[in-house]
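Heads up, the thing below is written out as structure tokens.
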Amino acid sequence: MAEPETTDAGRDFIRDIIQADLDAGRAQSVVTRFPPEPNGYLHIGHAKSICLNFGVAQEFGGQCHLRFDDTNPVKEEQEFIDAIQRDVRWLGFDWGEHLYHASDYFEQLYDWAEHLVRTGHAYVDDTPPEAMRSQRGTLTEPGQNSPFRYRSVEENLDLFRRMRAGEYPNGTCVLRAKIDMASGNMNLRDPVLYRILHATHPRTGDAWCIYPTYDFAHGQSDAIEGITHSVCTLEFEDHKPLYDWLIEHLPVPSRPRQYEFARLNIGFMVLSKRVLTRLVQDKHVTGWDDPRMPTLAGIRRRGVPAAALREFVRRVGVARANSVVDIAQLDATIRDTLNPSAVRRMAVLRPLKLVIENWPEGHTETLEAINHPDDPSAGKRPITFGREIYVEQDDFMEDAPKKFFRLSPGREVRLRYAYFVTCQSAVKDASGRVVELRCTYDPASRGGNSPDGRKVQGTLHWVGASDAVRAEIRLYNPLFGRPDPGANGDVMADLNPASLEVLTGCLIEPALLQAPVGEAVQFERMGYFCADSDGTPDRPVFNRTVGLRDTWAKVSGAKVLGAKVSPDGRG
RNA sequence: UGGGGCGUCGCCAAGCGGUAAGGCAACGGAUUUUGAUUCCGUCAUUCGGAGGUUCGAUCCCUCCCGCCCCAGCCA
């Protein structure tokens with residue numbers, strides 16, 4: 001079985017660093033972690049981080065932890081905690097026993113905070129938020145020391161304990177590290193380590209009313225778990241000096257190192273939890289698993305296999321340069337992954353009735369169709385042919401250019417696995433719309449070949465009228481209408497109004513009734529589709545995972561634009 | 001105008017002083033009962049720019065230009 005996933009993981013600067021650390025003996029083993037905050041669903045950007053962290057651990061014989069960075073109870077929910085685990089597993093990774101939460105370390109973190117207070121490296125600041133902001137200075141001007149910066153260790157300890165005891169309402173005061181208010185790095189201007197949040201935490205409930213900030217929790221959590229390589233995205237680069245400062249001023253059990261890589265960006269997509277949350281809340285999509293969403297749940301529902309995502313991430317690579325990956329790269333990877341294994345079926349999205357005039361009325365024949373052109377082991381299936389069948393509306397053109405290898409009055413084509421048919425005429429309704437094709441067939445061409453060696457230029461997919469099943473098919477287009485959503489202001493203004501196209505009168509071959517939900521099959525000549533959970537036995541629903549490459553669309557499109565092909569289609 | 005990063009083909013991305021991998025896209029052509037797949041072939045004399053060091057620089061140095069991140073008691 002062809003496996004597009006390469007065993008050679010490819011090289012990048014992260015793997016180079018780890019290899020060098022191992023070679024030089026700076027590390028004996030590799031321990032990484034994937035640390036999502038449970039405030040939303042995982043998206044394809046997270047897939048890059050997951051594949052990197054878990055992948056690296058696998059390759060170097062180490063381990064990767066799944067750690068929930070749950071330090072802000074007001075944003076986090078159990079639904080997200082569950083969804084994240086489901087999605088990481090689906091992507092194909094296993095954290096084994098290593099499931100952790102920053103909240104597991106709250107007590108230890110608190111003790112370390114007191115340690116900082118005792119060693120004079122942290123103080124309780126009563127400055128209100130707005131005042132604190134102005135005291136912080138600007139990007140070009142240094143900040144001012146808080147008047148509370150000089151409190152004694154005893155007073156700070158007492159105040160901090162009272163914070164923990166719940167004596168103060170939200171916002172009254174915070175615990176700050178005493179570093180350097182004049183630092184060019186804003187993160188070093190006495191960063192907040194603890195804030196008061198009277199909120200119920202999904203895991204610790206009401207045990208705490210003060211919570212550590214990301215900066216105070218992250219590095220220390222890494223140290224507790226023995227993380228050797230703490231890999232995160234570029235925007236945390238400025239936090240590294242603080243990460244290191246904390247590690248160096250605390251009696252932590254290990255010395256993790258942070259490394260940053262560029263986050264994933266894909267054209268026509270938005271990978272921002274903030275925006276994705278809004279899309280869900282404002283009902284621009286049906287939910288986190290709407291197939292148009294870049295979430296792992298949405299992508300999965302669309303029919304994309306996890307292997308395709310892993311391969312995509314591998315192809316894209318890991319580097320430090322900000323970039324925007326062409327969405328065609330994702331589509332190509334999905335096709336490459338699906339092509340060798342997806343079973344073939346026939347479905348007509350926009351049916352046009354075709355009547356074979358010289359076929360006996362009421363007679364049907366069972367023909368044989370293969371399930372995969374390159375894999376005989378995929379087997380065959382019976383399909384029913386008869387006097388009336390349906391073909392794709394796009395496969396007929398009344399006044400067609402020579403290069404149109406499909407149906408047109410007088411032209412002969414092959415109906416896949418069936419017969420050669422020649423279009424005799426088109427029946428139109430009162431408005432002039434073509435509603436039916438009258439054709440004749442060549443009885444000698446059964447199976448799709450003519451004994452006289454006659455060739456036809458086109459082969460069409462079809463569904464027999466006698467056993468066609470009606471279905472709904474949902475076509476998905478990019479959720480956003482421009483490659484750089486939001487570049488001109490409001491992201492929501494760039495939503496693509498045509499991101500979802502629902503086709504209700506589709507006709508599919510009966511074998512499709514057995515298609516497992518979520519598993520993509522190829523509708524010949526149309527693309528990859530998978531059954532959706534919204535479907536019922538009498539009303540199946542399919543999602544388009546991705547279309548097939550369509551050279552004809554390019555050629556005909558160019559013709560419409562008057563660019564490449566002359567009117568007769570001969571270029 | 002502070003600090004930290006990044007700039008290699010249309011889009012990703014290797015390259016780590018010895019004379020530009022690969023993928024996607026594009027474009028030819030072959031095979032094809034999917035205008036699919038597969039297969040062959042074309043596609044950076046040049047690495048943001050200008051100097052410098054060197055026998056030799058995409059790789060080292062200097063200056064310049066451009067882009068990204070940072071002023072949450074978010075992560």
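Chain letters run A, B, ... following the sequence lines, proteins first, then strands; residues in each count from 1. Atom set for the values below is all heavy atoms of this structure, side chains included, hydrogens, waters and symmetry mates excluded.
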Among side-chain atoms of Gln258(A) and Tyr243(A), is any donor-acceptor pair under 3.5 angstrom?
-> no
To the nearest angstrom, how far is Met397(A) atom CE from G35(B) atom C1'?
-> 14 Å
Option among Lys455(A), Arg406(A), Arg454(A) that satisfies the salt bridge (charged side-chain N to carboxylate O under 4.0 Å, His left out) test with Glu412(A) = Arg454(A)
With B for base contact, S for sugar-phosphate-only contact and - for none (protein heavy atoms under 4.0 Å), nucleotides 69-75 of chain B reads BBBSBBB
With syn defined as a glycosidic torsion within 90 degrees of 0 and anti otherwise, which applies to G28(B)?
-> anti
With sugar-phosphate taken as primed atoms, P, OP1 and OP2 and all else as base, the protein-contact string of nucleotides 8-14 of chain B at under 4.0 Å (heavy atoms; B, S, -) is ---SSSS
Please evaluate the base of U37(B) for a donor-acceptor partner in the side chain of Arg549(A) within a cut-off of under 3.5 Å?
-> no
Hey, does the side chain of Lys240(A) come within less than 4.0 Å of G5(B)'s phosphate (OP1/OP2), counting only N and O?
-> no
Could you please name the option among A26(B), U37(B), A25(B) that lies closest to any side-chain atom of Asn339(A)?
-> U37(B)
So what does Gln522(A) touch, heavy atoms closer than 4.0 Å: a base, only the sugar-phosphate, or nothing?
-> base
Whole-Å P distance, G52(B) and C11(B) | 31 Å
Parallel under 30°, tilted from 30 to 60°, perpendicular over 60°: which one fits the rings of Tyr110(A) and Trp208(A)?
-> tilted
Return no unless some side-chain N or O of Lys554(A) is found under 4.0 Å from OP1 or OP2 of A26(B).
-> yes
Tell me which nucleotide among G35(B), A25(B), U34(B) gets nearest to the side chain of Pro373(A).
-> U34(B)
Watson-Crick or G-U counterpart of U62(B), or none if no pair lies under 3.5 Å = A50(B)
Using a cut-off of 4.0 Å on non-hydrogen atoms, how would the nucleic acid contact of Arg344(A) be classed: base, sugar-phosphate, or nothing?
-> base
Rounded to the nearest Å, what distance is computed from the CZ atom of residue Arg525(A) to the P atom of nucleotide U32(B)?
-> 18 Å
